[in-house]
Undergrad: 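Have a look at the structure that comes next, please.
This is a predicted model, so every value here is computed, not measured. Read the numbers this way: they start at 1 and go in the same order the structure lists the ligands and their atoms.
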Amino acid sequence: MDIYGILGFPVGHSLSPLLHNKAFKNLGINAEYDYFEISPDRLKYFFSNEVINLPIKGLSVTIPHKISCMEFLDEISESAQKIGAVNTIKNENNKLIGENFDWIGVRDSVLEEIDFKNKRVGICGAGGAARAATFAASHAACSELIIFVRDPQKHQKFATDFNCKVLNFPDLNSKAKSIEIDILINATPVGMYPEINLSPFNLDLLAGKPIIFDMVYKPLQTKMLQEAKAKGFKTITGEKMLLNQAYKQFEFWTGMPSPKEIMKKELLKNLQ
Ligand code: NAP
């Protein structure tokens, strides 16, 4: 039996095992996707022993290992290098290959509503997910990129890495509808369960009718998305990104098309 899994600390909350195990079962693949909850001090041992000896054929990688795992890999894709993080590992005859499909998750979810090309893009947050969204937007030739953060000084490297503006979150009490962007993406945890009454951005400040994408998927209809809907803005929910990157992971590991509808149904059943 082939072994796959999610590497993180903690990982108990992850929905990836449900998705991938359902897909393996549906296609009759003799494989199992497990939880690998590995503390940072055990990461080196994990890569030099467990990954090789079990052996583990593929891993999804989550917080806090997306960057720290990179030093244990033999090859890292160009996009993962540019993003500066790996969210997927494939073990090909003991050669560990790192990829980042979070940006594909963003790209394919956004494409359902809008093409980034020539669009003005705003992103809340400057962590790993924000870097993946920034890569997706710049890869598709967006016209402008603004990153909203709590402390721009702390994120100057982000501005240089991606040639974008890094600004403070706008004043929440301001009333001016002055920010002109076509799509706003939340890549912070603000609004995630249990703090479901919070939104990272005052949508009153946006001019026009931008599309609002929230990466948070617990709950699916976050406060930010509820406010966007009330204003008549189009919205994109966070589970789409999770699914789109999972489809790519599955195909990268197995070389087979992922059973998308089965995986989507399984996720939505567990998010209701
Ligand atoms: P991360 O690397 O920890 O980055 C989090 C970012 O959010 C940081 O820039 C942080 O700001 C900012 N932030 C945190 N709390 C904030 C607050 N109260 N107000 C304003 N900004 C705040 O995390 P990540 O991996 O990028 O993930 C970010 C979010 O995206 C998480 O909620 C995660 O669940 C979600 N996500 C979803 C998917 C999906 O498939 N849907 C995939 C990946 C991530 P500072 O720099 O100031 O600390």
Undergrad: At a 4.0 Å cut-off, with the gap strictly under it, does some heavy atom of Ile63 reach an atom of ligand 1?
TA: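 True for this residue.
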Undergrad: Okay, side chain of Lys119, backbone of Lys117: is any donor-acceptor separation there less than 3.5 Å?
TA: yes
Undergrad: Can a non-hydrogen atom of His155 be found less than 4.0 Å from any atom of ligand 1?
TA: yes
Undergrad: Answer with yes or no whether Lys240 contacts ligand 1, where contact means a heavy atom under 4.0 Å from a ligand atom.
TA: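 The answer is no: ligand 1 sits nowhere under 4.0 Å from a heavy atom of Lys240.
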Undergrad: Ignoring angles and geometry beyond distance, decide whether Ala129 reaches within less than 3.5 Å of ligand 1 through its nitrogen or oxygen atoms.
TA: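 N/O-N/O distance below 3.5 Å exists for this pair.
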Undergrad: Give yes or no for whether the N/O distance cutoff of 3.5 Å, strictly under, is met between Met215 and ligand 1.
TA: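 So ligand 1 has an N or O lying under 3.5 Å from an N or O of Met215.
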Undergrad: Flag the pair Lys248 / Glu99 as yes when at least one side-chain heavy-atom distance between them is below 4.5 Å, and no otherwise.
TA: no
Undergrad: Could you list which atoms of ligand 1 come closer than 4.0 Å to a heavy atom of Phe169?
TA: 20 (C), 21 (N)
Undergrad: State the atoms of ligand 1, each with its element, that fall below the 4.0 Å cut-off from a heavy-atom position in Gly125.
TA: 9 (O)
Undergrad: Between Asn87 and Gln245, does the side-chain hydrogen bond (donor to acceptor under 3.5 Å, both in side chains) criterion hold? Intermediate values first, please.
TA: CA-CA 9 Å; Asn87 91 323; Gln245 67 80 33; 3.1 Å; yes
Undergrad: Between Phe46 and Phe72, is the ring-ring contact (aromatic ring centres under 6.0 Å, His included) condition met? List the steps.
TA: CA-CA 10 Å; Phe46 175 73; Phe72 305 109; 9.4 Å; no
Undergrad: Of all the non-hydrogen atoms in the protein, which one sits nearest to atom 10 (C) of ligand 1, and at what distance?
TA: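 It is Arg150 NH2, 3.9 Å.
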Undergrad: Transitively linked via ILVMFWY side-chain contacts under 4.5 Å: Ile83 with Val106?
TA: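 Linked within one cluster.
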Undergrad: What I'd like to find out is whether the side chain of Trp253 reaches to under 4.5 Å of the side chain of Ile29, using heavy atoms alone.
TA: no
Undergrad: Between Lys66 and ligand 1, does any nitrogen or oxygen pair lie at a separation below 3.5 Å?
TA: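 No; the residue has no nitrogen or oxygen that sits under 3.5 Å from a nitrogen or oxygen of the ligand.
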Undergrad: Would you check if the distance from the ring center of Phe201 to the ring center of Phe148 is below 6.0 Å?
TA: yes
Undergrad: Any N or O on Val190 sitting closer than 3.5 Å to an N or O of ligand 1?
TA: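 No, no N or O pair falls under 3.5 Å.
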Undergrad: Honestly curious: do Ile211 and Leu205 fall in one hydrophobic cluster under the side-chain, below-4.5 Å linking rule?
TA: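 Ile211 does not cluster with Leu205.
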Undergrad: Hey, is the main chain of Arg120 close enough, under 3.5 Å, to the side chain of Asp182 for a donor-acceptor pair?
TA: yes
Undergrad: As a check for students: among Gly127, Gly191, Ser109, Gly105, identify the option with a heavy atom nearest to atom 8 (C) of ligand 1.
TA: Gly127
Undergrad: For residues Asp214 and Asn186, is any side-chain donor paired with an opposing acceptor at under 3.5 Å?
TA: yes
Undergrad: List every atom of ligand 1 that sits less than 4.0 Å from any heavy atom of Lys154, numbering the atoms from 1 in the order shown and giving each element.
TA: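 The atoms of ligand 1 under 4.0 Å from a heavy atom of Lys154 are 45 (P), 46 (O), 47 (O), 48 (O).
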Undergrad: Under 3.5 Å, N or O to N or O, is Gly128 touching ligand 1 that way?
TA: yes
Undergrad: Is there any N or O on Glu239 that sits under 3.5 Å from an N or O of ligand 1?
TA: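 Such a contact does not occur with ligand 1.
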Undergrad: Out of Met241, Glu195, Met192, His13, whose heavy atom sits nearest atom 42 (C) of ligand 1?
TA: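 Among Met241, Glu195, Met192, His13, the closest heavy atom to atom 42 (C) of ligand 1 comes from Met241.
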Undergrad: State if Ala187 counts as touching ligand 1 under the rule of any non-hydrogen atom under 4.0 Å.
TA: yes
Undergrad: Taking distance alone, with N or O pairs closer than 3.5 Å, would you say Leu242 contacts ligand 1?
TA: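 Leu242 vs ligand 1: N/O contact under 3.5 Å present.
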Undergrad: Between Phe24 and Tyr33, is the gap from one ring center to the other below 6.0 Å?
TA: no
Undergrad: Applying a strict 4.0 Å limit to heavy atoms, is Ala126 in contact with ligand 1?
TA: yes
Undergrad: Between Asn118 and Ser143, is there a donor-acceptor pair closer than 3.5 Å when you use the side chain of the first and the backbone of the second?
TA: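 Absent.
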Undergrad: Please determine if Asp102 has a nitrogen or oxygen closer than 3.5 Å to a nitrogen or oxygen of ligand 1.
TA: no
Undergrad: Go through ligand 1 atom by atom and flag the ones less than 4.0 Å from a non-hydrogen atom of Pro189.
TA: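 Listed by number with element: 7 (O), 13 (N), 14 (C), 15 (N), 32 (O).
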Undergrad: Please tell me if atom 33 (C) of ligand 1 is touched by the protein, where touching means a protein heavy-atom distance below 4.0 Å.
TA: no
Undergrad: Test your reading of the structure: does Gly238 have an N or O sitting under 3.5 Å from an N or O of ligand 1?
TA: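 Between Gly238 and ligand 1 (N or O atoms, distance only) the closest approach is under 3.5 Å.
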Undergrad: Measure from the side-chain N and O atoms of Ser258 to the backbone N and O of Lys260, and report whether any donor-acceptor pair falls under 3.5 Å.
TA: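 Between the backbone of Lys260 and the side chain of Ser258 there is no qualifying donor-acceptor contact (under 3.5 Å).
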Undergrad: If the cut-off is 4.0 Å to any non-hydrogen atom of Tyr217, which atoms of ligand 1 fall inside it?
TA: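 Per the distance check, 39 (C), 41 (N).
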